[in-house]
Amino acid sequence: MTGRSDTEPVVVRVDRDRCIGSGMCALSAPESLALGADGLAAPLAEFADGGAELTDELADAVDLCPVEALTLHSARGGYRIDPAE
Ligand code: SF4
């Protein structure tokens, strides 16, 4: 993982066109992501909009998604933190 600040609040976005519903992210970071009724991943609570402290589990989930459907963004500036553009 590159380009992130450990103190910056983050939101996580799911590219629903890429997500295959493997559930790996929900298992890795259940405080941040869950599978919705449609079988695709969705961010939970503050990770969807307001921003929250990045956890190791969420960082791992982003890195481990098999189809690179997850991206981390700054909750303040909106720019992408990981994966780097
Ligand atoms: S790990 Fe990736 S493909 Fe699997 S449910 Fe999460 S976002 Fe979707």
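Each ligand, and each atom within it, is numbered from 1 in the order the structure gives.
- Nearest heavy atom pair, residue H73 against residue G78, reads ND1-O, 3.6 Å.
- Every atom of ligand 1 is numbered from 1 in the order shown, and the set under 4.0 Å from a heavy atom of L70 is 7 (S).
- Scanning the protein heavy atoms around atom 4 (Fe) of ligand 1, the nearest turns out to be S22 OG, 2.2 Å.
- Remark: ligand 1 atoms within the under-4.0 Å shell around heavy atoms of A41 are 5 (S), 6 (Fe), 7 (S).
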Would you list the atom pairs, donor with acceptor, under 3.5 Å between side chains in residues 18-36 and any protein atom, with sequence neighbours excluded?
{"from": "R18", "atom 1": "NH1", "to": "V67", "atom 2": "O", "distance (Å)": "3.1"}
{"from": "S22", "atom 1": "OG", "to": "M24", "atom 2": "N", "distance (Å)": "3.3"}
{"from": "S28", "atom 1": "OG", "to": "M24", "atom 2": "O", "distance (Å)": "2.9"}
{"from": "E31", "atom 1": "OE2", "to": "T55", "atom 2": "OG1", "distance (Å)": "3.1"}

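- Regarding atom 8 (Fe) of ligand 1, its nearest protein heavy-atom neighbour is C19 SG, 2.4 Å.
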Practice prompt. Kindly determine whether V10 and D82 satisfy side-chain contact (heavy atoms from CB on, under 4.5 Å), including the steps that lead there.
Written response: CA-CA 10 Å; V10 299; D82 191 59; over 6 Å; no
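- Shortest contact from atom 3 (S) of ligand 1 to any protein heavy atom: I20 N, 3.4 Å.
- Inclusion of C25 in the first shell of atom 8 (Fe) of ligand 1 is not supported: no N, O or S atom falls under 2.8 Å.
- At a threshold of 2.8 Å, atom 2 (Fe) of ligand 1 has a backbone or side-chain N, O or S atom of C65 nearer than that distance.
- The contact set between ligand 1 and V67, taken as ligand atoms under 4.0 Å from a residue heavy atom, comprises 3 (S).
- Between V14 and L40 there is no side-chain heavy-atom pair separated by less than 4.5 Å.
- Atoms CZ and CG, from R13 and L70 in turn, are 12.5 Å apart once rounded to the nearest 0.5 Å.
- Counting the atoms of ligand 1 from 1 in the order shown, those under 4.0 Å from a heavy atom of G23 are 4 (Fe), 5 (S).
- V11 and Y79 sit in two unconnected hydrophobic clusters of ILVMFWY residues. Membership requires side-chain heavy atoms under 4.5 Å apart, directly or through other members.
- Close contacts between ligand 1 and L35 involve ligand atoms 5 (S) [criterion: under 4.0 Å to a heavy atom].
- Scored by the side-chain hydrogen bond (donor to acceptor under 3.5 Å, both in side chains) test, D49 finds no partners at all (sequence neighbours excluded).
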